[in-house]
Amino acid sequence: MSNCIFCRIIAGEIPCSKVYEDDLFLAFDDINPVAPVHVVVVPKKHIPTLMDVADDGLMQGLTDALRATARIKGIDNRGFKMVINCNKEGGQVIYHLHAHLIGGGTIDKNKI
Ligand code: AMP
Ligand code: ZN
């Protein structure tokens, strides 16, 4: 979707700080981090929200990509949070499914 910022990042039209990529997922540093490690993990396919996921395999893949990203960032054993905001009252701002990988130290709980 041309008007979706994450689709534009996936297409290479908007730069990002890439952390992990495979055929189906991309992970990049969040532009407004709430902790020392804050990465956004997105499926390359445009799916607006968690409620729109029709394929269980996609969530397995998303979790695998997030765990690979945690290893790259060196927080797999230290610990982290995985957060998915869904729809307006869930705090979702960008309507392209994504999981936040948050860790590496103090987490600002006012933001997530
Ligand atoms: P959410 O509130 O769950 O929709 O989270 C959207 C996240 O995307 C926020 O944490 C933003 O800081 C992040 N974000 C927005 N634009 C960009 C961008 N161009 N590059 C990286 N992260 C972004
Ligand atoms: Zn999109």
Side-chain angles (χ1 to χ4, degrees):
M1 286 183 70
S2 59
N3 62 347
C4 168
I5 188 165
F6 285 175
C7 281
R8 294 188 66 198
I9 288 173
I10 292 159
E13 295 168 13
I14 295 174
C16 73
S17 173
K18 183 162 75 179
V19 181
Y20 170 85
E21 182 172 18
D22 62 30
D23 287 349
L24 299 176
F25 298 91
L26 176 67
F28 49 90
D29 290 316
D30 196 291
I31 204 167
N32 186 23
V34 299
V37 174
H38 186 173
V39 181
V40 178
V41 186
V42 307
K44 291 183 176 177
K45 180 181 179 188
H46 181 87
I47 299 168
T49 81
L50 183 62
M51 297 307 297
D52 299 305
V53 175
D55 168 13
D56 288 343
L58 186 123
M59 295 310 293
Q60 180 68 56
L62 183 66
T63 304
D64 288 347
L66 185 136
R67 294 189 301 134
T69 305
R71 286 187 204 101
I72 290 166
K73 287 290 189 178
I75 60 170
D76 49 325
N77 288 319
R78 291 170 60 196
F80 57 83
K81 288 184 189 293
M82 172 176 161
V83 175
I84 298 177
N85 298 324
C86 184
N87 281 325
K88 186 176 178 187
E89 292 183 8
Q92 187 170 5
V93 173
I94 297 187
Y95 281 76
H96 180 129
L97 176 67
H98 53 281
H100 298 255
L101 169 68
I102 302 164
T106 307
I107 294 167
D108 184 344
K109 291 190 174 147
N110 291 321
K111 292 191 185 173
I112 290 285

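Indexing begins at 1, ligand by ligand and atom by atom, following the structure's order. Heavy atoms only: backbone and side chains are in, while hydrogens, waters and symmetry mates are out.
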Which atoms from ligand 1 have a heavy atom of [X] less than 4.0 Å away?
X    : value
H100 : 1 (P), 3 (O), 5 (O), 7 (C), 10 (O)
F6   : 8 (O)
V93  : 1 (P), 2 (O), 4 (O)
D30  : 7 (C), 8 (O), 9 (C), 10 (O), 11 (C), 12 (O), 13 (C), 22 (N)
D29  : 21 (C)

Pairs of nitrogen or oxygen atoms closer than 3.5 Å, one from [X] and one from ligand 1: do any exist?
X   : value
I9  : no
I5  : no
N85 : yes
H98 : yes

**Asked** For E13, does the CD atom have more than 12 heavy-atom neighbours from other residues, nucleotides or ligands under 6.0 Å away?
**Response**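 Buried by this count: over 12 neighbours within 6.0 Å.
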
**Request:** Report the name of the N/O/S atom of H96 located nearest to the Zn ion (ligand 2).
**Result:**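 Distance check against the Zn ion (ligand 2) picks out ND1 in H96.
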
**Shortest-distance N, O or S atom of H46 relative to the Zn ion (ligand 2)** =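 Output for this pair reads ND1.
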
**Prompt:** Would you call the rings of F6 and H98 parallel, tilted or perpendicular, where under 30° means parallel and over 60° means perpendicular?
**Reply:**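 The arrangement is perpendicular - the two ring planes meet at more than 60°.
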
**Item:** Spacing of Y95 atom OH and N3 atom CG [to the nearest 0.5 Å]
**Value:**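 Taking OH in Y95 and CG in N3, the distance rounds to 14.0 Å.
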
**Interatomic spacing from CG in L97 to CG in L62 - rounded to 0.5 Å** =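 Here the interatomic distance stands at 6.0 Å.
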
**Request:** Go through the steps for V40 and H96 under the test side-chain contact (heavy atoms from CB on, under 4.5 Å), then give the verdict.
**Result:** CA-CA 11 Å; V40 178; H96 180 129; over 6 Å; no

**Request:** Show your reasoning for whether side-chain contact (heavy atoms from CB on, under 4.5 Å) applies to M59 and L50.
**Result:** CA-CA 9 Å; M59 295 310 293; L50 183 62; 3.6 Å; yes

**Asked** Are D76 and R67 close enough, and set up right, to give a side-chain contact (heavy atoms from CB on, under 4.5 Å), and what steps lead you there?
**Response** CA-CA 7 Å; D76 49 325; R67 294 189 301 134; over 6 Å; no

**Prompt:** Once rounded to 10°, what is the value of the angle centred on the Zn ion (ligand 2) between C7 SG and C4 SG?
**Reply:**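 If I round to 10°, I get 120°.
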
**Item:** Distance-minimising heavy-atom pair for C7 and H46
**Value:**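 Minimum heavy-atom contact is SG-ND1, 3.5 Å.
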
**Prompt:** What's the verdict on side-chain contact (heavy atoms from CB on, under 4.5 Å) for V34 and I102, showing C-alpha distance, side-chain angles and the deciding distance?
**Reply:** CA-CA 8 Å; V34 299; I102 302 164; 4.0 Å; yes

**Message:** As a check for students: among I84, N32, V42, I31, identify the option with a heavy atom nearest to atom 18 (C) of ligand 1.
**Reply:**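 Among I84, N32, V42, I31, the closest heavy atom to atom 18 (C) of ligand 1 belongs to I31.
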
**Prompt:** Is ligand 1 less than 4.0 angstrom away from at least one heavy atom of G91?
**Reply:**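 G91: in contact with ligand 1 (<4.0 Å).
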
